[in-house]
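All remarks here apply to the structure that follows.
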Amino acid sequence: RCGPVDNEDMSDFAQHSDEWVEHGFISSEQAVRIRRYEGERRPDRGGVVEILGYIGALLVLSAGLVIVGEMWDSLKRGGRIAVTGLAAAALIGAGVNLATSSSRATRRMGEAALMLGAVPLGLAIGLTLGDQADEEPAVTMAFVGALVYSVIVYRWRPTWLQHIALFGSAAGTAISLGILITDENMFVAGALLAILGIGWLAASWNDLLPPQVLAEVGAVLALGLASIFFVADLGPDTAGGLVAMSVCVAVSAGMITIGVLRDRIVLITGGALGLLGYLPWLLDELIPGAVGGPIALLAAGCVLIGAAVLLTKRAARR
């Protein structure tokens with residue numbers, strides 16, 4: 001049964017369990033244990049509680065943001081650390097307590113609190129360890145602190161919510177670190193993001209970052225952001241920018257190929273979006289006039305049709 005039973009249902013359940021024992025599906029000892037378990041369960045109103053909890057949390061969060069926004073500029077460093085630290089302690093404490101509940105709805109609330117706790121904790125760490133006169137090191141330390149926390153929580157509870165927190169803090173660390181060490185040069189930040197995306201994809205294929213679909217989405221996002229940073233930093237109308245766009249087109253085609261071979265729809269979708277984004281842009285720069293766009297769309301369409309044909313053939317062979 002999916003939910004708890006009342007007294008009337010319990011009598012029917014007892015009758016059915018006797019029939020299961022008679023037919024040898026379960027033993028009499030198992031039947032007694034199941035009846036005892038079902039009888040002790042209380043009515044589950046987790047859905048209502050979960051909705052009320054989320055609404056209440058949103059109201060508290062909104063009020064807190066308004067209050068902090070009004071007071072933030074007037075707060076000194078110690079006050080800011082205290083505010084963010086208390087928020088982190090409240091969210092993490094609630095998350096730890098709720099995440100181990102027997103109710104699925106309550107566990108989800110706890111996991112959401114644990115995920116949100118990474119934000120104020122990272123801010124508190126950045127404010128504590130960073131240089132108050134220079135924002136960039138403080139931002140990097142904030143993301144690093146959130147990343148360390150997210151790794152710990154993800155190893156404890158590898159849920160999709162903690163996966164999101166882990167990826168967000170890792171991507172933020174890559175971007176802020178790249179900007180910090182190169183004085184706002186986006187190329188290095190893009191390179192770090194590309195490394196993150198490739199690593200995320202490899203880890204997902206080796207079952208190190210479940211759920212796999214979410215890991216693939218994160219990898220595609222990281223690679224997409226990296227491509228934007230590369231092209232923006234080099235300039236689309238320069239030789240370096242043209243090379244970067246050519247590489248993006250090649251990578252997109254490779255993602256489609258790998259997605260077809262491994263039957264991974266996320267990679268096929270990501271590669272298709274990259275192809276449709278960069279191929280017309282590249283050909284428009286290489287081929288003057290209005291003919292570049294139609295040629296690019298024709299080429300991209302042929303690639304996507306080919307991918308669809310290959311997927312169909314693979315499905316038919318199964």
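- Residue pairs meeting the salt bridge (Lys or Arg N to Asp or Glu O under 4.0 Å) criterion with at least one member in residues 214-231, sequence neighbours excluded: E216-R264.
- Sorted pairs that involve residues 87-106 and meet ring-ring contact (aromatic ring centres under 6.0 Å, His included), not counting sequence neighbours, are lacking altogether.
- The two atoms that bring T100 and V96 nearest to each other are OG1-O, 3.7 Å, heavy atoms only.
- Follow the hydrophobic side-chain contacts under 4.5 Å out from V188 and you never reach L223; the two are in separate clusters.
- For the salt bridge (Lys or Arg N to Asp or Glu O under 4.0 Å) condition, the pairs that include at least one residue of residues 109-127, sequence neighbours left out, are E111-R157.
- Within the structure, every pair that satisfies the ring-ring contact (aromatic ring centres under 6.0 Å, His included) test and touches residues 205-254, not counting sequence neighbours, is listed here: F187-F230.
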Distance-only criterion, 3.5 Å: show the donor-acceptor pairs between side-chain atoms of residues 82-93 and protein atoms not counting sequence neighbours.
from	atom 1	to	atom 2	distance (Å)
T84	OG1	R80	O	2.9
T84	OG1	I81	O	3.2

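- Applying the ring-ring contact (aromatic ring centres under 6.0 Å, His included) test to residues at least two apart or on different chains, none of the pairs has a partner in residues 86-105.
- Looking only at side-chain heavy atoms (C-beta outward), Y154 and L209 come within less than 4.5 Å of each other.
- Between the S101 side chain and the L98 main chain, no donor and acceptor come within less than 3.5 Å of each other.
- Pairs of residues two or more places apart, or lying in two chains, never qualify as ring-ring contact (aromatic ring centres under 6.0 Å, His included) while including a residue from residues 235-268.
- Scanning both residues, M115 and A165, for their nearest heavy atoms gives CG-CB, 3.7 Å.
- In the hydrophobic cluster analysis, where Ile, Leu, Val, Met, Phe, Trp and Tyr join through side-chain heavy atoms closer than 4.5 angstrom, L123 is grouped apart from V139.
- Separation of atoms OG1 (T269) and CE (M255) is listed at 9.0 Å; rounding is to 0.5 Å.
- The side-chain contact (heavy atoms from CB on, under 4.5 Å) check on L177 picks up T140, I181, L192, with sequence neighbours excluded.
- Residues Y278 and S252 bring no donor and acceptor atom of their side chains to less than 3.5 Å of each other.
- The environment of CH2 in W156 is crowded: more than 12 heavy-atom neighbours from other residues, nucleotides or ligands sit within 6.0 Å.
- Within the model, atoms CG of L214 and CD1 of I164 stand 5.5 Å from one another, a figure rounded to the nearest 0.5 Å.
- Taking CG of L267 as the start and OG1 of T257 as the end, the distance is 10.5 Å to the nearest 0.5 Å.
- With side-chain heavy atoms closer than 4.5 Å counting as contact, directly or through intermediates, I195 stands alone and belongs to no larger hydrophobic cluster.
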In a table with atom names and distances, give each donor-acceptor pair under 3.5 Å that connects a side chain of residues 235-246 to protein atoms at least two apart or in another chain.
from	atom 1	to	atom 2	distance (Å)
T238	OG1	L234	O	2.8
T238	OG1	G235	O	2.7
T238	OG1	G241	N	3.0
S246	OG	L242	O	2.8

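- For the residue pair A215 and W200, the shortest heavy atom distance occurs at O-CD1, 3.2 Å.
- The cluster map of Ile, Leu, Val, Met, Phe, Trp and Tyr, joined by side-chain heavy atoms under 4.5 Å apart, puts V119 and V144 in different clusters.
- Contact of the V148 side chain with the I152 side chain is registered, since non-hydrogen atoms from C-beta on lie closer than 4.5 Å.
- Here the side chain of Q30 pairs a donor or acceptor atom with the backbone of S27 at under 3.5 angstrom.
- Side-chain atoms of Y149 come within 3.5 Å of backbone atoms of L114 as a donor-acceptor pair (strictly under, hydrogens ignored).
- Under a 4.5 Å side-chain heavy-atom cut-off, the cluster of Ile, Leu, Val, Met, Phe, Trp and Tyr residues that includes L273 has no other member.
- You'll find the side chain of L166 reaches within 4.5 Å of the side chain of L147, heavy atoms only.
- Summarising the geometry, atom CE belonging to M141 is positioned 4.5 Å from atom CG belonging to L129; distances are rounded to the nearest 0.5 Å.
- With values rounded to the nearest 0.5 angstrom, M186 atom CE is found 8.0 Å from L193 atom CG.
- The shortest non-hydrogen separation linking A124 to T128 is O-OG1, 2.7 Å.
- Summarising the geometry of G145 relative to I125, their closest heavy-atom pair is CA-CD1, 3.7 Å, with the distance given to 0.1 Å.
- Here the CG-CG distance, from L201 to L196, works out to 11.0 Å after rounding to the nearest 0.5 Å.
- F143 pairs by the ring pair (Phe, Tyr, Trp, His ring centres under 6.0 Å) definition with nothing, not counting sequence neighbours.
- Closest approach of A226 and A194 over heavy atoms only: CB-N, 3.7 Å.
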